[in-house]
Amino acid sequence: MSVFNERIDRFKTSSVKWELTKDIFGESDLWPMWVADMDFKPPQAVIDAIKNRVEHGVFGYTFVPFSTSEAISTWQLKRHQWKINSSWLLYCSGVVQAISTAIHSYTKEGDRVLLQSPVYTPFFDMIEKNKRIVVNSPLLLDGDRYQIDFAGFEKALQEGCKLFLLCNPHNPAGRVWTKDELLKIGELCLQYNCLILSDEIHSDIIYKKFTHIPIASLEDELLDRTITLIAPSKTFNLAGLQASTVIIKNKELRIQFQEQQKRQGVFSLNTFGIIGMEAAYRYGEEWLEELIDYLQVNKDYTIQFLADQIPEITCIDAEGTYLLWLDCRKLELSDKELRNLLIQKGKLALEPGPKYGPGGEGFVRINIACPKDDLIEGLERLKRALS
């Protein structure tokens, strides 16, 4: 039996996913398949490493040791064929904090920052809350696969964007951008002198037919103009440890980022974030391979269930991530009507598509990183909501 079949009670652990449904959705008795964390334990090596550190018993100030940087560099080379230098690495408590820090580091109030909707909600939030201007080049849905509108993308860059927020793999659409697509993105950003901030937090969860390519790994010019964000949080379900890595080869850009961190009073990670991150990257690969196989089964089951039971909903077949983007437009319901049916009739909490900006209308996002029995329960509730 797979370790991922274990059902773990997450109540009384301050779980956002399980314990804040009333605050977020207005009801407490909902089946939560919304926020992007998994209902699985991380690799045992991570748990053991944290236990060993707890047993030491002294928790003074800590720094990120070279062994952690080495584990990250080794992971990137082995998983993504990207050779990086440990001197390029900086650390943040999370990718969203890193996005905000980068916006402050490389732009000023009133500057234009480019994104591609529908996309991860904090992209919009961090631009707007930091008083920059959102410039949107929406993705195009071609059948059941999203594509980049390169004509629109170039037109947006011509408006004078200082920074482009790339999401690869894409959340919520699940696209893993190809080498050709990334090279075209890079070519245009270089042409219009726009820095690239590449959120690659989902880069380790890639299905078998696809390959994640860090955009900074493609050309020296792109390496010099890209800030790459990674974290073990999605890969190994360690979001609560609050540890992420920022990869910046360009020394000037790296110093700018560091100076902004100092202004914000950010100097290191918490002890357990460091311990957990290193153990995950050093010992978690076998666990990850088993996870991806399990997620593939869950994904296939979901796609088949919808085709058989709710054919009005089309599932965008994700190439990466454990998130599926469901096209509900054939139901001919408003987003409010759909939300009410899910909550009131189905007792199911999914992420509403409009959260992800223009192009999200008529969609919902579902998280399939849970034991299969829990997935089945959620899909049955979806069916009940629409019956």
Side-chain angles (χ1 to χ4, degrees), residues 2 4-11 13 15-21 23-25 27 30-42 94-96 118-122 167 169-176 199 201-207 231-240 288 291-303 305-306 310 313-328 338-339 342-343 346-356 360 363-383 385:
S2 171
F4 300 109
N5 282 327
E6 180 184 0
R7 303 181 79 174
I8 301 167
D9 184 357
R10 296 182 61 189
F11 283 97
T13 64
S15 167
V16 169
K17 182 177 183 179
W18 286 88
E19 297 181 66
L20 288 187
T21 52
D23 293 341
I24 305 298
F25 294 91
E27 301 284 345
L30 305 182
W31 197 250
M33 302 183 78
W34 60 290
V35 72
D37 74 6
M38 299 190 279
D39 290 319
F40 306 133
K41 290 181 181 178
V95 163
V96 175
V119 75
Y120 183 47
T121 308
C167 194
H170 191 273
N171 172 15
R175 269 302 313 274
V176 175
D199 174 1
I201 194 171
H202 291 278
S203 59
D204 296 318
I205 299 178
I206 307 294
Y207 297 105
S233 50
K234 304 304 180 189
T235 310
F236 300 104
N237 204 28
L238 301 178
L288 176 59
L291 170 70
I292 292 171
D293 289 342
Y294 194 89
L295 292 174
Q296 180 71 60
V297 171
N298 276 2
K299 181 163 75 88
D300 292 344
Y301 182 89
T302 302
I303 292 171
F305 180 94
L306 293 173
I310 321 174
I313 296 180
T314 301
C315 180
I316 306 301
D317 191 353
E319 300 166 359
T321 84
Y322 51 74
L323 307 166
L324 296 181
W325 191 232
L326 307 185
D327 185 349
C328 305
L338 178 57
R339 177 184 170 89
L342 292 173
I343 293 172
K347 297 296 180 181
L348 177 64
L350 302 181
E351 288 277 40
K355 281 187 64 174
Y356 301 90
F363 289 77
V364 293
R365 193 191 74 174
I366 187 170
N367 176 354
I368 61 168
C370 58
K372 189 173 180 182
D373 286 348
D374 287 4
L375 173 65
I376 293 170
E377 174 68 25
L379 292 174
E380 290 293 342
R381 288 176 182 236
L382 177 60
K383 179 182 175 182

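Numbering starts at 1 and runs along the sequence shown. For clarity, every value in this text was computed on a predicted model and none was experimentally measured.
A distance of 12.5 Å separates CD1 in I368 from CG in D39, rounded to the nearest 0.5 Å. Taken to the nearest 0.5 Å, the SG atom of C315 stands 8.5 Å off from the CD1 atom of I366. Atom-to-atom distance recorded for C167:SG and R175:CZ is 12.0 Å, nearest 0.5 angstrom. Between atom CD of residue E377 and atom NZ of residue K372 there is a gap of 14.5 Å, rounded to the nearest 0.5 Å. Atom CG in L350 sits 11.0 Å away from atom CZ in R381 (nearest 0.5 Å). Here K17 contributes atom NZ and I24 contributes atom CD1; the two are 14.0 Å apart, rounded to the nearest 0.5 Å.
I343 and F25 make their closest contact through CD1-O, 3.8 Å (heavy atoms, listed as atom of the first residue, atom of the second, distance). The two residues K234 and I205 make their nearest non-hydrogen contact at O-CD1, 3.7 Å. In terms of heavy atoms, G353 sits closest to W325 at CA-CH2, 3.6 Å. The minimum heavy-atom distance between H170 and V119, with the atom names listed, is NE2-CG2, 3.7 Å. Looking at every heavy atom in both residues, I206 comes nearest to S203 through CG1-O, 3.1 Å. L348 approaches W31 most closely through the heavy-atom pair CD1-O, 3.4 Å.
Counting heavy atoms of neighbouring residues, nucleotides and ligands inside a 6.0 Å radius, atom NZ of K347 exceeds 12 of them.
A 4.5 Å side-chain heavy-atom check between L295 and F4 finds every atom pair outside the cut-off. Residues I8 and F40 are not in side-chain contact: their nearest non-hydrogen atoms beyond the backbone lie 4.5 Å or more apart. Contact of the P169 side chain with the E319 side chain is not registered, since no non-hydrogen atoms from C-beta on lie closer than 4.5 Å. Contact annotation: the side chain of L326 approaches that of L382 to within less than 4.5 Å [non-hydrogen atoms, C-beta and beyond]. At least one side-chain heavy atom of Y356 sits less than 4.5 Å from a side-chain heavy atom of T121. Using a 4.5 Å heavy-atom threshold, the side chains of L379 and T302 count as touching. Here the side chains of N367 and W34 are not in contact, with every heavy-atom distance at 4.5 Å or above. Considering only heavy atoms from C-beta on, L291 stays 4.5 Å or farther from F236 through its side chain.
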>> Apply side chain to side chain contact (heavy atoms under 4.5 Å, CB included) to residues R339 and V364 and explain how you reach the verdict.
In response: CA-CA 9 Å; R339 177 184 170 89; V364 293; over 6 Å; no

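Panel note: side chain E380, backbone I376; no donor-acceptor pair is recorded below 3.5 Å. Looking only at distances, no side-chain donor or acceptor of N171 sits under 3.5 Å from a matching main-chain atom of Y120. One N or O on the side chain of Y322 and one on the backbone of A36 form a donor-acceptor pair closer than 3.5 Å.
A salt bridge links D317 with K299: the distance from a Lys NZ or Arg NE/NH1/NH2 to an Asp or Glu carboxylate oxygen falls below 4.0 Å.
A side chain to side chain donor-acceptor pair (under 3.5 Å) with Q296 holds for exactly one of D300, D293, N298; it is D300.
Between the side chains of Y294 and N5, at least one donor-acceptor pair of N or O atoms lies under 3.5 Å.
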